[in-house]
Amino acid sequence: MGVNMNIGEAIMRSKGNWPSDDRELIINIQKDEVDEEEAARLKAIDDKMAAKNYQPTTREIWFIGWTNHNGTKKNGIFQSKSTSAPDKARLQEVYEAIQHGEIPVGVDNMQKFTKAHAMRLYKVLKEKRKHAIIKNIIENMPDNYHLITDFKAFSTFLGMVRQEEEFAIDTETTGLDYFNDEIVGLSFTLPTFDYHCYIPVRHTEGKQLLPEYVFSKLKPILENPDQKKIFFNAKFDVHMLIREDIWCQNVWFDGYVAMKLLSDLEDSYSLKNLATKFGKHFGFEDRSIPYEELFGNGGFQDAQFITSDGRRGIAVYYTCKDTALTYAFYKYFVMKQFERLPKLKKLYFDIERPITEVSVEMEQNGFRIDMEFAATYGRKLTHQIDRLERVLTEVFNGININSNQQLSEELFDRLKLDKHFPDKWKRSVDAKTLKKLSQYHRGVKLLLKYRELSKLYNTYVLPMPEKTVNGYLHGQFLQVQTATGRFASKGPNLQNLPQIARKLIISSPGMVIMGADYSQIEPRVLAHFTQDESMIGAYVAGRDLYIELAMKVFNLEEKYCLDKAYDPTKTFQPRKAIKAVLLGIMYGMGSQSLAGNLGMTNEEAVKIIDDFYKAFPKIRSWMDERILFAEKNEYIETMFGRKRRFIGFKATAKRYHAVTKKVMDILGHLPDFIWHEDYKYLVPYDIKREYWDMSKEYTFTTRRVINTIIQGSAADIMKLAMVETAKICREKDYKMIATIHDEVLFEVPEDISEAAVNELVQAMLSVVSLRTPMKCDVAFQHRWSEEISQEEWFKGVAA
DNA sequence: CGGCTGGGCCAC
DNA sequence: AAACGTGGCCCAGCCG
């Protein structure tokens, strides 16, 4: 039966239809037909077995399989079920290449043609094609792509580059670590001469000019402030040049940064991909750019710049193409877009262009690490962590306490600690939940301690000293990484060090760390945008904003609204509550979260938010207006014209408003929670579902719209402040070492005068003129986080 | 083994 | 059946 069925299936499949009833199969296939077919097959096998040197056919090898003289059945290569999808595609390529005669079969005996052999052939094929591409490129290389390996060619190049007002430059290196890797060559594009060149200096093979010589000649050109340098991802090249003691001046343009401003939602910002997508707009159409796959995994120092017969090698093509592209992208694409979008042009040239150089300076400066202290602290931590780990492994039956999955199973399945919760579905093992659970199990409190210490050690105390270069920790500052325009930091992130880890950072000899932070910059920006007189009034009078807001919202006397004071009924702290409300409004917080934060009921939180908007109606109307703008235009912009797009928001809003109207028509109001029992039979499921989904999507976007304007405008102001204070730093040999969103950290001489401090502060305060005054607080510290106020500092200095 | 994801957690 | 915006790093676990 089984045999008949299988053959029947095979036949029906090959006919392209499929019987609905199994009986059809049995009826359609006659038993003797099957036997005949099977007998023929067996005879064929016998014949093949007779010949040990039987050569399986292409069809047998790839598609249907064959049997060798031992009787072992070999599957066709395409029959193997274990082949992954990408491997299948590779095998297909190999099959076709052999059919077309592109590559030979590569075996003298076809019995040896296995799947493994086919996969080896794939590599052969790739290599062959690569060589074909390279050969083609070398034969067709443009005449204006030049290779410079001798004095004469180099001096010709120098003569020309000195005449250029602007030129594109790119460096090739041994790697991406700009404190340890090295430049192996440089490429230039000189637009007026229509000249592109590559200068190898540290390639492993081939005659080259000495790096010291090349860099000594390039130094005055790259440091000449009158010549504009055009880059793609400038920060990297500028760092690499600093390794050669070249401090690039007039970093005029960075295609990567500019593109981020022009379009914030691209899938890729690599030059290659941007050229593929937009190349037709600046004369790079129909040119395939094979790029890095040509060079494999080896460093660029191994790439061939001259062929065995003396021609320009593939490295020349690759590098010259890169700067040619960099220049064309700048001149014929981005600058054209900037003419169309003058606000973005201004944002680029006023803020983002100069801030690139500031980022390089911060990254070069770095944080000085107290290595001794870090080592001692690390030993202390490992000791405690080891001890806790031993106890916890014992208490929790040998599970891996770092695994939340295992921990969750231990706490909730075996120890059944969730019985203490009314809401049993919550199986989270986050700190908030564990804190609540700690009273029911002695291990949980220890676990929290273990988490705290291991986080501190593994994320900060252990890696920070390891990442130092000559005692300094250099993170990266990314100027266009965030959706709002804030800086991001990585490798390590210097913007999220906990207070305790900040103690590892100390000032350089003779210097002191000076932090300057904008006081309440986001609420001030909000007051500015909304033009709400009450908010502005509080700032103008220099009063405590939160006291003012609390008095107004709760209609209370000042004494109830002071810091830590309670309202007359002694149920809550008005100042604290209003601070949470204000921050919450900027983040789009809902009443439930606010209630949770303030330890009050949802109803009370709803009332506070309601009262807040009633007291400051301009805030609500401004928010509504901005959201409407975003719905209509699908983008929003910050104070300095930085755009964030919300593609699809128009459609989302339309659907949201439509379903909202339906729900309103049914209920006469909008529910907080559509799945509540009360609406079970009143609202049809489809409408509930739509309302639920659309609310989530719509409110999520509205929160981002509002927050982007406020956070992004504060970020614009901060970046401008950094540009201005960096100028002072360069003049006076101060160092800027970091920005932490609303704060800048400097290293200044210990004997800095109060007037000099005020000059920095003044620079920060005067970059923008808002309807609200700005405020900037200063603190000094020899060990970061151990703050001395400006007043105390100068009292100490005077004494 | 490297890349990716999700949970958790640090900062503003 | 959810709830607060912007980030990056560590760990476990999964996938190819």
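- The A:K490 side chain lies nearest to C:dG8 when the options are C:dT6, B:dA11, C:dG8.
- Note: CE (A:M694) to C1' (C:dA2) measures 15 Å, nearest angstrom.
- Counting only heavy atoms from C-beta on, A:A488 has its side chain closest to C:dG8 among C:dT6, B:dC12, C:dG8.
- Under the 3.5 Å distance criterion, with hydrogens and angles disregarded, no donor-acceptor pair is assigned to the side chains of A:S713 and A:D716.
- The salt bridge (Lys or Arg N to Asp or Glu O under 4.0 Å) analysis of residues 472-482 of chain A, with sequence neighbours excluded, yields no pairs.
- In this structure, A:E466 places its CD atom 15 Å from P of C:dC9, rounding to the nearest Å.
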List, with names and distances, any nitrogen or oxygen atoms from the protein found under 3.5 Å away from nitrogen or oxygen atoms belonging to nucleotides 3-6 of chain B.
none

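- Note on A:N493: every side-chain N or O is 4.0 Å or more away from OP1 and OP2 of C:dC9.
- Within the structure, every side-chain polar atom (N or O) of A:N402 is placed at least 4.0 Å from both OP1 and OP2 of C:dC10.
- If you take atom C1' in B:dT5 and the same atom in C:dA3, they sit 23 Å apart, rounded to whole Å.
- Under 4.0 angstrom from either OP1 or OP2 of C:dT6 there lies no side-chain N or O belonging to A:R703.
- Using a 4.0 Å heavy-atom cutoff across all strands shown, A:I706 reaches no nucleic acid atom at all.
- As a whole-Å value, the separation of A:Q406 CD from C:dA12 C1' is 9 Å.
- Among the protein residues, A:Q711 comes within range of the nucleic acid bases, having at least one heavy atom under 4.0 Å from a base atom.
- Remark: P of C:dT6 and CG of A:D742 are 17 Å apart, rounded to the nearest angstrom.
- A donor N or O paired with an acceptor N or O is not found under 3.5 Å between the base of B:dC9 and the side-chain atoms of A:R451.
- Within residues 581-588 of chain A, the residues that place at least one heavy atom under 4.0 Å from DNA chain C are, in residue-number order, A:Y587, A:G588.
- Side chain A:K455 to base B:dC9: a donor-acceptor pair is found below 3.5 Å.
- Among the heavy atoms of the strands, none lies under 4.0 Å from A:A501.
- Listed candidates were B:dC9, B:dC10, C:dA1. Nearest to the side chain of A:A431 is B:dC9.
- A:Y546 does not carry A:R575 over the face of its six-membered ring by the limits of under 6.0 Å from the centre and within 45° of the normal.
- The salt bridge (Lys or Arg N to Asp or Glu O under 4.0 Å) check on A:K688 picks up nothing, with sequence neighbours excluded.
- As judged by a 4.0 angstrom heavy-atom cut-off over every strand, A:E743 is placed among residues making no nucleic acid contact.
- Cation-pi check for A:R783 over A:F373 is met; the charged atom lies under 6.0 angstrom from the ring centroid and within 45 degrees of its normal.
- A:R486 has no side-chain polar atom (N or O) that falls below the 4.0 Å cut-off from OP1 or OP2 of C:dT6.
- The ring-ring contact (aromatic ring centres under 6.0 Å, His included) test with A:Y698 singles out one residue from A:Y691, A:F646, A:W692, A:Y656, and that residue is A:Y656.
- The two residues A:T638 and A:T708 make their nearest non-hydrogen contact at CG2-O, 3.8 Å.
- Note on A:R689: a base of the nucleic acid sits closer than 4.0 angstrom, heavy atoms only.
- Phosphate proximity of B:dG8 to A:S428: present, with a side-chain N or O under 4.0 Å from OP1 or OP2.
- Looking at which nucleotide of DNA chain C each of A:Y460 and A:G590 is closest to, the 5′-most match is held by A:G590.
- Per the stacking criterion (ring centres < 5.5 Å, plane angle < 30°), A:F673 stacks onto the base of C:dA2.
- The aromatic rings of A:Y269 and A:Y256 sit perpendicular, their planes meeting at an angle over 60°, well past the 30° parallel limit.
- With a 6.0 Å radius and a threshold of 12 heavy atoms from other residues, nucleotides or ligands, A:D267 has its CG atom at or below the threshold.
- Computed from coordinates, the A:Y679 OH to C:dA1 P distance equals 18 Å when rounded to whole Å.
- Distance CG (A:N597) to P (C:dG5): 13 Å, rounded to an integer number of Å.
- Heavy atoms of A:F700 sit under 4.0 angstrom from primed sugar atoms or phosphate atoms, though from no base atom.
- The salt bridge (Lys or Arg N to Asp or Glu O under 4.0 Å) test applied to A:K449 returns A:E452, not counting sequence neighbours.
- A:D370 and A:Y377 share no donor-acceptor pair across their side chains, judged by distance under 3.5 Å alone.
- The distance between atom CE of A:M718 and atom C1' of C:dT6, rounded to the nearest whole Å, is 15 Å.
- Judged as a salt bridge (Lys or Arg N to Asp or Glu O under 4.0 Å), the pairs with a partner in residues 484-505 of chain A (not counting sequence neighbours) are, in order, A:R486-A:E522, A:K503-A:E786.
- For the C1' atom pair drawn from C:dA1 and B:dG8, the interatomic distance equals 23 Å after rounding to whole Å.
- Atom-to-atom, CD of A:E452 to C1' of B:dA11 comes out at 16 Å; the value is rounded to the nearest Å.
- Among the protein residues, A:G712 comes within range of no part of the nucleic acid, since none of its heavy atoms lies under 4.0 Å from any strand.
- Here A:S489 lies in heavy-atom contact (under 4.0 Å) with sugar-phosphate atoms only.
- Taking 4.0 angstrom as the limit, A:S403 places a side-chain polar atom (N or O) nearer than this to OP1 or OP2 of C:dG13.
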